[in-house]
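No hydrogens, no waters, no symmetry mates; every other heavy atom, side chains included, goes into these values.
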Amino acid sequence: CKPNVVLLPLILAVSLICHYRCLSWRGLKEASILWGVGLAVLVPWLVRNHLVYGEWFLSLAFDDNLAHVSAVATILEAKGEQVAPWTPRWEETYMSEIVAPASTAYGWAERDDSSKPPEAVRRQREMAAIARSLLRQHPSAFVVSHLKGVLRSFVPSLHRYWYAYVTKTPWPESEALRTVLSQAWRKIRNGEWSGGLKVIGQWWWRHPPLARGLWLASAILHSLGGGLLIAGIWCQRTRSGVLVGSSLILLYLALLPGPIAHIRFWMPGVPLAIGLIGAAFFRYGRAKPVLSR
């Protein structure tokens, strides 16, 4: 029922169809069997939620993410604020822009206690409706905030965990690299090359030696892993089913979380990525038959 796996049966069914390179009867039959098995697994959850909450639904995770993540990030992007998820400012925006308007619009104070399951579901649906209206008002801010989160998930971050593990202290506080690069770029664009490089140098030497070393190691490993992953995907170009399925799964896991893209969201795709990296070291093909004399 997690959002980052709920579409995997559909993606795998598409890869099965692509494996046969056309809409063959065998591909459609195997895809239908896979869909049927997936549906059989999910039906008990649908029935359970209907019995407990009085509605047919699989999970409220999408509604919650829409109200507590996408809408909040969109509002802050529209206001030009850079706010990290789950910080006090983030929660303040959620309460003032989502919860309070939903309470007023749908008369929560006049209804049953929110501790009752059906009422809790109803309130979640109503907050999602408020969130959707905000996204319609700021479509460009929604797209920008979502893509920013996706791109941030590709920035190397392992050095922060390594540094905290080794030194038992958090990563040294400093300006974000993107802020430093933007400052340097403004100077370089104005012809001040030495000033731009000086800004980057000051930021770099401000960190302790261990932090600088771990930052370099993290960036190198991150780049190496990305390059090997691309090579592994390229090796699947003659196996259309594997190519389509693995690419769609990784793309889905990368794009879905948006503003809260984090290591735990793309973690389900790591085993697949490692398998593709391993494939970069092997050539696929049938072994040549041994000819007897």
Less than 4.5 Å apart, any side-chain heavy atom of [X] and any of [Y]?
X      : Y      : answer
Lys148 : Glu77  : yes
Ile17  : Glu30  : no
Trp90  : Leu76  : yes
Pro172 : Pro208 : yes
Thr74  : Val144 : no
Val6   : Phe62  : yes
Met127 : Val99  : yes
Glu55  : His50  : no

With rounding to the nearest 0.5 Å, note down the distance linking [atom1] in [X] to [atom2] in [Y].
X      : Y      : atom1 : atom2 : result
Ser133 : His138 : OG    : NE2   : 9.0 Å
Leu276 : Trp234 : CG    : CH2   : 14.5 Å
His222 : Ser157 : NE2   : OG    : 7.5 Å
Asn65  : Ile260 : CG    : CD1   : 5.0 Å
Leu60  : Leu66  : CG    : CG    : 12.0 Å
Trp35  : Leu10  : CH2   : CG    : 6.5 Å

Can you check whether [Y]'s main-chain N or O pairs, donor with acceptor, with [X]'s side chain at less than 3.5 Å?
X      : Y      : value
Asn49  : Leu58  : yes
Thr87  : Ala84  : yes
His159 : Arg212 : no
Ser246 : Val242 : yes
His146 : Leu255 : yes
Ser96  : Glu92  : yes
Thr104 : Ala100 : yes
Ser15  : Leu12  : yes
Ser247 : Val244 : no

Taking all heavy atoms of [X] and all of [Y], pick out the closest pair and write down the distance.
X      : Y      : result
Cys235 : Ala279 : SG-O, 3.8 Å
Gly245 : Ile11  : O-CG2, 3.7 Å
Gly27  : Tyr20  : CA-CD1, 3.5 Å
Ser218 : Pro156 : OG-CB, 3.6 Å
Ala184 : Gly196 : CB-O, 3.3 Å
Ala131 : Ala67  : CB-CA, 3.7 Å

*side-chain contact (heavy atoms from CB on, under 4.5 Å) partners for Glu97, two or more places apart*: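 With neighbours one apart ignored, the set is Ile75, Lys79, Thr93.
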
The ring-ring contact (aromatic ring centres under 6.0 Å, His included) partner of Trp171 among Tyr161, Tyr163, Tyr165, Trp215 is Tyr163

Is the number of heavy atoms from other residues, nucleotides or ligands within 6.0 Å of [atom1] ([X]) greater than 12?
X      : atom1 : result
Arg26  : CZ    : no
Trp204 : CH2   : yes
Trp56  : CH2   : yes
Trp86  : CH2   : yes

Under 4.5 Å between side-chain heavy atoms, counting indirect links through other Ile/Leu/Val/Met/Phe/Trp/Tyr residues: same cluster for [X] and [Y] or not?
X      : Y      : answer
Leu256 : Leu253 : yes
Trp45  : Leu34  : yes
Ile200 : Leu216 : yes
Val150 : Leu251 : yes
Val14  : Trp25  : no

What's the verdict on side-chain contact (heavy atoms from CB on, under 4.5 Å) for Leu46 and Phe57, showing C-alpha distance, side-chain angles and the deciding distance? CA-CA 6 Å; Leu46 295 171; Phe57 67 90; 5.7 Å; no

What verdict does the side-chain contact (heavy atoms from CB on, under 4.5 Å) test give for Thr167 and Leu210, after you've listed the backbone C-alpha separation in whole Å, the side-chain angles of each residue and the deciding distance to 0.1 Å?
CA-CA 9 Å; Thr167 65; Leu210 178 61; 3.5 Å; yes

Testing Ile230, Ile233, Leu229 one by one against Ile277 for a side chain to side chain contact (heavy atoms under 4.5 Å, CB included), which residue passes?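 With Ile277 as partner, side chain to side chain contact (heavy atoms under 4.5 Å, CB included) holds for just one option, Leu229.
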
- Query: Gln124 and His68: side-chain donor and acceptor closer than 3.5 Å?
  - Reply: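 There is no such pair (donor and acceptor under 3.5 Å, judged by atom type) between the side chains of Gln124 and His68.
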
Hydrogens and angles aside, do Trp108 and Glu126 bring a side-chain donor and acceptor to less than 3.5 Å of each other?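 Result is yes, a qualifying pair exists.
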
Check for me whether Arg122 meets the cation-pi criterion with Tyr53, that is, NZ or CZ under 6.0 Å from the six-membered ring centre and within 45 degrees of the ring axis. no

Decide yes or no on side-chain contact (heavy atoms from CB on, under 4.5 Å) for Leu243 and Thr238, but give the supporting numbers first. CA-CA 8 Å; Leu243 175 64; Thr238 59; over 6 Å; no

Are Trp203 and Thr179 close enough, and set up right, to give a side-chain contact (heavy atoms from CB on, under 4.5 Å), and what steps lead you there? CA-CA 10 Å; Trp203 175 86; Thr179 304; over 6 Å; no

